[in-house]
Amino acid sequence: MKKREEIDEQYKWDLSILCKDNQEFYEKISKINDFLPKIKAFEGKLNNKDTILEYLKLDEEYSRYVEPLILYSHLKSSEVLSDNERAEMSEKLSHILNNISIETSFVSSELSKLPNELLDDIIYDKRFVDYNRVFEDIKRNKKHTLSKKEEKLLSGMNFLGGFSSNMDMLSDVDFKFGSVKDSNGKSYELNHASYSSLVRNADRKLRKSAMEKMNGKYGEFINTLANNYINDVKADCYFAKVRKYKSALERELNGEEIDKQVYDMLIKQVSGNLELLFSYFDVKKGLLGVNKMYIYDTMADVGKISDKKYTYDEAIEIIKKAVAPLGEEYVSLIQRAKEERWIDVYPNVDKNSGAYETAIYDRHPYVMTNFEGDIDSVFTLAHELGHAMHSYFSNKTQSYPKAYYPIFLAEIASTTNEMLLINYLLKSTKDKNQRIALYNKLFDEVKGTIYRQTMFAEFEEKVHKLYEDGESLTKDRLCGMYYVLNKKYFGEVKLIEQIKFEWARIPHFFNAFYVFKYATGMICAITFTNKILSHEEGAVEKYIKFLSAGCSDNPIKILQSSGVDLLDEQTFTQCFDYLKSMLNDWKSIL
């Protein structure tokens, strides 16, 4: 693998619009504390519209000053994780910002104490048009905001993220998984990076060994892992109670204005459409030629996507053709992302693995990927460019306070890009094996994103509710609940004993009630894609409207105004009907 300096500049992101170099970064962070006395000067004075508006403008100035520095530090760190200088940059900036956060925690407390009459006056005052959503949130969250002293105390309690860190250290550093063998006795190293390819392998013994050994390792340490997670659940429930929420779930949903009906609707509708998943398993069972389907068979690859290696240029062109139904501007932005070096393309020594997109208001988005030239790399690039387009359109259309779309909406644009890509590839090839593999990829994503994430969501809700109801949480109870949920979601598929430990290796459980957003995101993406490709009148315009909305309204209302209603059973019916038609198309070529 090449070192960072050996990668051609055209394949590295251009960070100069954030900071020219590290020297400029340090010069700028040395001036951050200049904002602190200016902000502190408002303490005790945020009680009239003129002063509040003055504060908001200062806060926006501060935020737009530090955001390029935060992003520069983050992106530089991702380039070479082992570089101490990059780590020190991040740590130094983090220390400064954390101190300012503690010292300015009075703001939320003071604004939350404003009388509703004044808050309403601000919301409807034209001078505050860019900030009205901020004050709608303040009014909505008044009863959950504490006193100045309490808010200051809670703002310094970020160390409770240690439960997640404990899990990461055990899982990613301390655990060694050894090797597994295929039916011919060939050994393969087992780790988090190799696991996905091993359970997709054509060799059934290898798939079985990889799944049993990976989950079995967590079983060896299940007492420690369960105790760590149980304490994280207790912390979730404690902070929800302190802030006067009925439950930890209500607290998390309230943060993005999501009604619990959405969560309940997801679980109800996905549970009611398990037959589609079971039908997919039946198709795969036939293609694998096995008498009984086991859980380690459900991820196996079938068919064969071409071994062709794509250049980065070819990948960009394929993506542009796939997203062409979204219009010329959208396609031209994909080209701009390449030409203006929004993307860090290739892997290098100690580069952050995986891929992500990130953006701030005053700059173009950035995408990090590790392009290997296979078809998965093309899909990953399309996914991250979907995020980038969402950021671009929101920043272009909305004012600064309304530009940042919530996490609940974040996975929709990325998955829509993927859905458009898979439809394009299916129409572009007549090769039976490739088409089988593409359909399998689609339904494997549906299984992993809609069904699996909903199963996770159901598990999280049950665990937190048990504790909130005064029931005891133990390792056996956690493992038992998880095993029962697997029986529900996998139907006639045979389970392995070690699957009951799988929950212990899911890092997202330490970000409570996050995973359901992946499921709703894919349901929305499939709905948008179906409307766009069926040429429904106004579908493209409504989709671009969605991309452009930022946080200008409640996220459910943003979706509703764009033609997707997660409170309407019909949305789920249309999504699953579309998937059933795709499954039938797959069956028709077998």
Before accepting this row, confirm whether a basic side-chain N of the pair Lys92/Glu88 lies closer than 4.0 Å to the acidic partner's carboxylate O. no

For Leu198, is there any backbone N or O sitting under 3.5 Å from a side-chain donor or acceptor partner on Arg207? no

Could you tell me whether the side chains of Lys304 and Gln434 share a donor-acceptor contact shorter than 3.5 Å? no

Measure from NZ or CZ of Arg505 to the centre of the six-membered ring of Tyr195, then state whether that distance is under 6.0 Å and the direction lies within 45° of the axis. yes

Can you tell me if NZ on Lys321 sees more than 12 non-hydrogen neighbours from other groups inside 6.0 Å? no

Indicate whether any N or O donor in one side chain lies under 3.5 Å from an N or O acceptor in the other, for Glu6 and Asn348. no

Between Ser377 and Asp374, do the side chains contain a donor N or O and an acceptor N or O under 3.5 Å apart? yes

State whether Phe379 and Lys441 meet the cation-pi test: NZ (Lys) or CZ (Arg) under 6.0 Å from the six-membered ring centroid, and within 45° of the perpendicular axis. yes

Donor on one side chain, acceptor on other, Tyr218 and Ser171, under 3.5 Å: yes

Tyr518 and His508: side-chain donor and acceptor closer than 3.5 Å? yes

How far apart are the C-alpha atoms of Asp297 and Arg204, what are their side-chain angles, what is the distance that settles it, and do they pass the salt bridge (charged side-chain N to carboxylate O under 4.0 Å, His left out) test? CA-CA 7 Å; Asp297 297 320; Arg204 198 179 195 196; 2.8 Å; yes

With side chains defined as the heavy atoms from C-beta onward, is the minimum distance between Leu75 and Leu18 less than 4.5 Å? yes

Salt bridge flag under 4.0 Å for residues Glu9 and Arg341: yes

Test side chain to side chain contact (heavy atoms under 4.5 Å, CB included) on Lys76 and Leu15 and set out the steps. CA-CA 9 Å; Lys76 292 293 287 185; Leu15 304 186; 3.5 Å; yes

Before accepting this row, confirm whether a basic side-chain N of the pair Lys176/Glu189 lies closer than 4.0 Å to the acidic partner's carboxylate O. no

Just by distance, with hydrogens left out, do Thr311 and Asp313 show a side-chain donor and acceptor under 3.5 Å apart? no

Indicate the ring-plane relationship of Phe281 and Phe490, choosing parallel, tilted or perpendicular according to the 30° and 60° boundaries. parallel

Any donor-acceptor pair under 3.5 Å from Asn486 side chain to Tyr482 backbone: yes

Can you tell me how the ring of Phe175 sits relative to the ring of Phe177, calling it parallel under 30°, perpendicular over 60° and tilted otherwise? perpendicular

Expected output: side-chain Asp203 to main-chain Lys205 donor-acceptor under 3.5 Å: yes

Treating Asp182 as the side-chain partner and Gly185 as the backbone partner, does any N or O pair qualify as donor plus acceptor under 3.5 Å? yes

Lys430 NZ: over 12 foreign heavy atoms closer than 6.0 Å: no

Would you say the side chain of Leu276 lies within less than 4.5 Å of the side chain of Tyr451, judging by non-hydrogen atoms? yes

Is the shortest side-chain N to carboxylate O distance from Glu79 to Lys12 below 4.0 Å? no

Glu91 bridged to Arg86 by N-O distance under 4.0 Å: no

Between the side chains of Ser165 and Asp168, is a donor N or O closer than 3.5 angstrom to an acceptor N or O? no

Output yes when a side-chain donor or acceptor of Asn440 lies under 3.5 Å from a complementary backbone atom of Lys284, and no otherwise. no

Test item: Tyr263 side-chain N/O and Leu253 main-chain N/O as donor-acceptor pair under 3.5 Å: no

Just by modelled atom types, is the Ala300 backbone N or O under 3.5 Å from a matching donor or acceptor in the Arg200 side chain? no

Hey, are Tyr489 and Glu458 close enough side-chain-wise for a donor-acceptor pair under 3.5 Å? yes

Students often mix this up, so state it plainly: with edges at 30° and 60°, are the rings of His74 and Tyr356 parallel, tilted or perpendicular? tilted

Does any donor atom in the side chain of His364 or Ser391 lie under 3.5 Å from an acceptor atom in the other side chain? no

Do Ser94 side-chain atoms and Ser90 backbone N/O form a donor-acceptor pair below 3.5 Å? no

Using 30° and 60° as the class limits, which term best fits the ring planes of Trp13 and Tyr366: parallel, tilted or perpendicular? perpendicular

Salt bridge (Lys or Arg N to Asp or Glu O under 4.0 Å) partners of Asp362, counting only residues at least two apart: Arg64

Using the ring pair (Phe, Tyr, Trp, His ring centres under 6.0 Å) rule, pick out the option among Tyr405, Tyr543, Phe528, Tyr330 that qualifies with His390. Tyr405

For the residue pair Ser30 / Glu27, report whether a side-chain donor-acceptor contact shorter than 3.5 Å exists. no

Within a reach of under 6.0 Å around NZ of Lys320, are more than 12 heavy atoms found that belong to other residues, nucleotides or ligands? yes

Going by atom types alone, do Tyr400 and Glu67 pair a side-chain donor with an acceptor below 3.5 Å? yes

Test item: Thr454 side-chain N/O and Ile450 main-chain N/O as donor-acceptor pair under 3.5 Å: yes

For Asp344, what residues pass the salt bridge (Lys or Arg N to Asp or Glu O under 4.0 Å) criterion, not counting sequence neighbours? Arg4, Lys351

Between Ser414 and Glu384: side-chain donor-acceptor atoms closer than 3.5 Å: no

Angle class for the Tyr229/Phe459 ring planes (parallel below 30°, perpendicular above 60°, tilted otherwise)? parallel

